[in-house]
Amino acid sequence: MAASPTRDLSSARDTIYQAISAIRLIDPHTHINPHSAGSTTLADILGYHYYTELVHSAGMPRLEIEEPGIEPRELVRRMVHGLGNITNTANYHWLIQICREFFDFTDDAITLDNWEDLFDRSEQKMASPDWAQTVLDQSNVEAVFLTNDFDDDLAGFDTNTYIPCLRTDDLVFHLAKQEVQDRLEACSGIANDGSLKSLHAALRQRFVHFVSKGARACAISIPPSFQPTPVSDGRAQNAYDSVLTNGTDANPEDIAALSRKVFWTLAELCDEFGLPFDLMIGVNRGVYPGGVYQGQDLYDSRVSLIQYRELFNAFPRVKFPISVLASVTNQELVSYSWIFPNVLTNGHWWYSNTPSFIHRDAAARLEAVPRNKQIGYYSDAYKLEFVLPKFDMYRRILARVLADEFVGENGWSEEKAIELGRQVLRGNVDEIFRAPQAIDESAPLDEFGNPAVIAGRTSDGTNEDLDPVPSDAEIDSSGVSDVTLSETTGDDHATDLDHEIDAVPLNVGDLLGDKNPSGPDAPGSQIHPIAGDGEFTPDGKSMRLRPDPMTGELHFPVDEDEKKSKGEG
């Protein structure tokens with residue numbers, strides 16, 4: 001139905017919101033522990049860094065929040081004292097919605113009078129053995145992406161529901177630490193002999209491991225000062241030698257060079273294995289050392305995506321879903337996604353994750369970026385209970401933008417707007433984070449015991465080349481019919497093909513000039529040059545050939561021969 005100028009858009013907002021709320025979600029970025037996905041007490045929820053940051057900012061001493069050994073009930077009691085100062089925030093609204101949706105809470109606020117009853121009731125519900133699945137179903141969530149350390153064994157959980165994602169911050173920025181080097185050697189099974197070759201093999205083994213366990217992406221959080229550029233093997237080896245010898249006391253320039261080398265190698269491996277490379281750009285760590293856990297980091301507006309131009313140009317097949325920490329950087333992200341096919345907008349991260357910023361940023365993306373290049377939202381949740389209120393906040397904003405801008409201003413039908421919302425919320429997640437090509441366990445192994453060859457991939461993830469001598473399994477998986485060759489038997493004779501020969505042969509004339517027909521156009525006449533072409537008879541003079549003084553063989557003269565022939569030598 002087309003919108004009229006006088007139409008009340010509140011109805012369209014509600015219709016669109018209800019429709020997109022029915023979409024079963026895949027959350028493309030969380031920090032959930034798959035072995036303990038749901039909360040066990042209300043302290044798990046109030047201990048989320050958004051709340052500890054805010055109540056600390058409002059005046060609660062850090063030690064009261066992070067006292068060693070504090071019991072969950074006591075932490076909640078203390079936090080309730082600080083909640084009154086943050087009731088105006090979007091984060092507090094998430095808290096109330098969680099309590100209402102999952103714990104049958106009916107009050108408008110959590111207070112000193114009602115918190116204990118809420119604590120007991122929530123603890124009882126969370127004790128259910130299928131609590132995590134209950135939360136997923138009630139939140140209408142099919143699966144969530146994880147944030148896995150590079151040495152995670154990825155065992156003991158359903159990787160179809162909890163999808164692995166290779167997080168690489170330690171590998172890029174902390175490889176100078178002996179602990180990180182030891183972890184990489186232990187998990188990869190590849191001895192660190194100090195060479196770039198062994199380092200590359202260890203990194204590649206991690207990709208083999210993650211892809212074999214169902215990983216759909218590689219990810220990293222990046223400070224504003226970092227500029228990914230290629231580093232030569234010679235420079236990188238010198239830097240690696242320095243780091244292995246001196247550790248974190250190595251020359252900062254060597255540490256930085258090794259970071260760039262490892263990052264570039266990760267991008268190469270994403271290209272090889274067909275994984276998107278999620279970049280979360282712009283966070284400065286430890287800006288406020290006195291802050292609570294995870295409440296010490298802030299963005300820096302000096303960051304620019306121009307720092308990534310070499311990366312985007314060098315890896316056109318790698319998809320780069322990008323999150324920016326500050327809303328002020330969103331216009332630049334929109335512009336880069338406008339131009340670069342491999343740059344995608346990804347969610348609304350951290351300090352941009354409030355309704356006013358989301359509304360402005362989401363509207364800009366929907367107006368300017370191709371619709372298939374937008375990942376609308378991710379929860380960034382540490383516990384499953386937060387997926388519902390965070391996504392619900394985004395859905396309400398998305399419904400408002402679609403209703404006001406697309407139905408109201410552009411005259412779209414509600415159905416057309418809903419389809420765009422569906423693509424941004426779920427369709428693009430399915431398409432961008434498709435399962436990579438399975439690793440062929442029968443492929444030959446390299447010297448480190450990893451598959452030596454990963455089949456080539458096109459930008460859409462399909463096979464780029466077929467093996468010229470494929471195995472039966474490769475033939476079956478390709479969907480291309482094989483060709484069967486059979487040997488001829490002794491009973492086959494040329495006379496058996498007589499019926500294939502034309503009764504009247506094609507007259508092509510006297511190509512050899514043996515006959516002299518009566519007319520110039522008669523069949524069999526000699527071939528005549530095209531007008532303007534003369535007869536050409538090759539000889540040494542016309543072709544400027546020179547005899548070799550030793551063999552007599554004609555050849556084209558080189559510069560020295562030519563000079564001599566002209567008397568210039």
Side-chain angles (χ1 to χ4, degrees), residues 1-28 90-102 105-106 108 135-144 327 330 334 344-348 352-379 381 384-432:
M1 69 191 90
S4 65
T6 59
R7 180 181 173 190
D8 181 5
L9 293 176
S10 62
S11 175
R13 294 175 190 171
D14 185 62
T15 300
I16 295 171
Y17 168 74
Q18 295 297 332
I20 61 178
S21 294
I23 299 168
R24 195 157 181 85
L25 299 170
I26 291 180
D27 189 340
N91 318 99
Y92 186 83
H93 179 75
W94 303 340
L95 174 63
I96 296 300
Q97 189 170 3
I98 287 173
C99 294
R100 288 174 176 169
E101 294 286 346
F102 297 116
F105 188 68
T106 57
D108 293 331
V135 175
L136 287 171
D137 291 340
Q138 197 164 335
S139 304
N140 201 18
V141 173
E142 178 180 319
V144 298
S327 180
N330 184 67
V334 167
L344 301 88
T345 61
N346 189 19
H348 301 272
S352 297
N353 190 29
T354 56
S356 58
F357 290 136
I358 293 174
H359 185 276
R360 184 180 69 183
D361 295 350
R365 295 175 187 183
L366 289 170
E367 290 172 357
V369 177
R371 58 190 291 162
N372 64 323
K373 297 180 59 187
Q374 303 184 48
I375 301 168
Y377 194 73
Y378 55 75
S379 73
L384 284 178
E385 291 84 0
F386 281 96
V387 177
L388 186 153
K390 287 181 144 189
F391 263 95
D392 196 55
M393 173 186 68
Y394 176 76
R395 282 188 297 244
R396 291 185 183 280
I397 298 167
L398 178 61
R400 179 152 46 108
V401 173
L402 291 172
D404 294 357
E405 303 299 326
F406 289 84
V407 176
E409 296 294 330
N410 297 340
W412 281 29
S413 66
E414 291 176 359
E415 292 80 6
K416 188 176 179 180
I418 290 168
E419 184 53 38
L420 176 56
R422 187 185 310 279
Q423 184 174 8
V424 168
L425 271 171
R426 174 64 193 264
N428 289 339
V429 174
D430 290 336
E431 183 64 23
I432 293 164

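The model shown is predicted, which means the values in this text are computed figures rather than measured ones.
A donor and an acceptor atom, one from each side chain of Tyr394 and Asn353, are nowhere located under 3.5 Å apart. Looking at Arg371 and Gln423, their side chains do bring a donor and an acceptor atom within 3.5 Å of each other.
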Quiz item: Can Ser139 and Phe386 be said to form a side-chain contact (heavy atoms from CB on, under 4.5 Å), step by step?
Solution: CA-CA 9 Å; Ser139 304; Phe386 281 96; over 6 Å; no

Quiz prompt | Worked check of side-chain contact (heavy atoms from CB on, under 4.5 Å) between Leu366 and Leu398 | solution = CA-CA 10 Å; Leu366 289 170; Leu398 178 61; 3.8 Å; yes

Quiz prompt | Val407 and Ile16: CA distance, side-chain angles, deciding distance, side-chain contact (heavy atoms from CB on, under 4.5 Å) verdict | solution = CA-CA 10 Å; Val407 176; Ile16 295 171; 4.2 Å; yes

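Note that CD1 of Ile397 is 4.5 Å distant from CD1 of Ile358, once rounded to the nearest 0.5 Å. The line from CD of Gln374 to CG of Leu420 is 7.0 Å long, rounded to the nearest 0.5 Å. Between atom CG of residue Asn428 and atom CG of residue Asn372 there is a gap of 6.0 Å, rounded to the nearest 0.5 Å. Rounded to the nearest 0.5 angstrom, Ile96 CD1 and Phe105 CZ are separated by 5.0 Å. Rounding to the nearest 0.5 angstrom, the gap separating the NZ atom in Lys390 from the CG atom in Asn91 is 8.0 Å. For the atom pair CG (Leu344) and CD1 (Ile375), the distance works out to 6.0 Å, reported to the nearest 0.5 Å.
Taking each heavy atom of Ala368 and Val334 in turn, the nearest pair found is CB-CG1, 3.6 Å. Taking both residues in full, the closest heavy atoms of Gly408 and Leu9 are given as CA-CD2, 3.8 Å, listed atom of the first, atom of the second, then distance. Nearest heavy-atom pair, Ile98 versus Pro389, reported as atom, atom and distance to 0.1 Å: CG1-CG, 3.6 Å. Minimum interatomic distance between Val387 and Ser379 (heavy atoms only, all atoms of both residues): CG2-OG, 3.8 Å. For the pair Ala19 and Ile418, the tightest heavy-atom approach, listed with the atom from each and the gap, is CB-CD1, 3.6 Å. Minimum interatomic distance between Arg13 and Ala403 (heavy atoms only, all atoms of both residues): CG-CB, 3.4 Å.
Take Arg426 and apply the salt bridge (Lys or Arg N to Asp or Glu O under 4.0 Å) test, not counting sequence neighbours, and it matches Glu142, Asp430. Applying the side chain to side chain contact (heavy atoms under 4.5 Å, CB included) rule to Arg360 yields the partners Ser327, Phe357; only residues at least two apart in sequence or on another chain are considered.
The backbone N or O of Glu405 sits less than 3.5 Å from a side-chain atom of Asn410, completing a donor-acceptor pair. Between the side chain of Glu101 and the main chain of Leu388, no donor-acceptor pair closer than 3.5 Å is present. With hydrogens and angles ignored, the 3.5 Å screen pairs a side-chain donor or acceptor of Asn140 with a backbone N or O of Ile23.
Between Arg396 and Asp392 there is a salt bridge, with a side-chain nitrogen of the basic residue lying less than 4.0 Å from a carboxylate oxygen of the acidic one. Using a 4.0 Å cut-off between a side-chain N of Lys or Arg and a carboxylate O of Asp or Glu, Glu419 and Lys416 do not qualify as a salt bridge.
Partner of Pro355 under the side-chain contact (heavy atoms from CB on, under 4.5 Å) criterion, chosen from His93, His348, Met393: Met393.
Between Trp412 and Leu402, the closest side-chain pair of non-hydrogen atoms is not below 4.5 Å.
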